[in-house]
Amino acid sequence: MTETGSEGPSGARAPDGRYYLFSGIQPSGEIHIGNYCGAIRNWVRQLDNYACIFCIVDYHAITADYDAKEMQARILKAAIVNIAAGLSPERCRLFVQSRVPEHTELAWIFNTLTPMGLLSRMTQFKEKAVRQEENVTVGLFDYPVLQAADILLYRAVAVPVGEDQVQHIELTRDVARKFNNRFGDYFPEPKARVPREGARILGLDAQAKMSKSLNNYVGLLEEPGVIWEKLRPAVTDPARQRRSDPGNPDICNIYTIHQCFSPPEILAWSDHGCRTAGIGCIDCKKALFGEMMKELDPIRERARELEGQTRRVTEFLEASARDCKALAEATMDDVRRLTGIR
Ligand code: SF4
């Protein structure tokens, strides 16, 4: 995991002394192994190090086109898959953003401090604006300010994100600094924690980032037979036209996926076998498939169980929301006092 950023005032601490870590989760149940290796698995590894808060960001999700009738099902699905993948109720908080309205209240205060010029430089906004053309809303433009509010509401110091979100965390630090300069030191400047492994996984076409819309993905909860049918024809090093052609695992996306799932001895076998043409790509994929299933089978089984226990899932979300609301109210009391609006 690489880190960027610098410390400002110290962050808040949970009663057990740990600092807070915050991350947002899009309300989508269609999570693929790229999301899992690049995000969820790294969150799970941080559960003992930080007091972790994970937020299903429905206010963010509505900045894109969506079907209102499907939103609650999407939220539930996102909760189930993330709990099944390791965000267990005993070890973290997982709640729905709109259950804690202080997120939008703090975003409004931050709006009054954030220059338009800063927001207009956000790469993700520019990319989304090009795609949405006529439907570029204020909400889409303001997305990173709400994100800053999400994080700073809990005065979190650590924010695990992908490379594409680092710019937003830099903006969060800018916003924290602007607030502190104007109203007195209060918010920490959180650090982006960017995982090394998993960040480079491409889709099975080895052309673009893994994504459902490009249909080049392996779903986290897909059945083993479906996964194998996707892995078998997946693109490898193009130099391996025949089994006797040596290849280079460093440029093979299948090997990148291996690095997320396989132990060192399998990686060494694959690397050596590829370079010497001692193994074929199908041998290599079969080994990968076996290692993937060791990790994904229990997740799929837990998710199926949770699908039959939606009340338990909802209770966890609500209990987490109550805890987070108490933290958020304490922050907003301070913020209102510091800004003179109470
Ligand atoms: S042997 Fe494995 S690492 Fe080498 S090109 Fe084939 S799939 Fe990729």
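The figures that follow rest on heavy atoms only: side chains count, while hydrogens, waters and symmetry mates do not. Starting from 1, each residue takes its place in the sequence as its number. Just so you know, ligand 1 is whichever comes first in the structure, and atom 1 is the first atom listed for that ligand.
The pair E223-R304 meets the salt-bridge criterion, since a charged nitrogen lies less than 4.0 angstrom from a carboxylate oxygen. Salt-bridge check for R177 with D174: passed, with a basic side-chain N closer than 4.0 Å to an acidic carboxylate O. We find that D164 and K209 are joined by a salt bridge, their nearest charged nitrogen and carboxylate oxygen being less than 4.0 Å apart.
Taking the ring axis of F261 as reference, the NZ or CZ atom of R41 stays within 45° of it and closer than 6.0 Å to the ring centre. The cationic group of R155 lies under 6.0 Å from the six-membered ring centre of Y186 and within 45° of the ring axis, placing it in a cation-pi geometry.
Protein N/O/S atoms found under 2.8 Å from atom 6 (Fe) of ligand 1, listed by chain and residue number: C281 SG.
In this view, R13 and Y19 satisfy the side chain to side chain donor-acceptor pair (under 3.5 Å) rule, not counting sequence neighbours.
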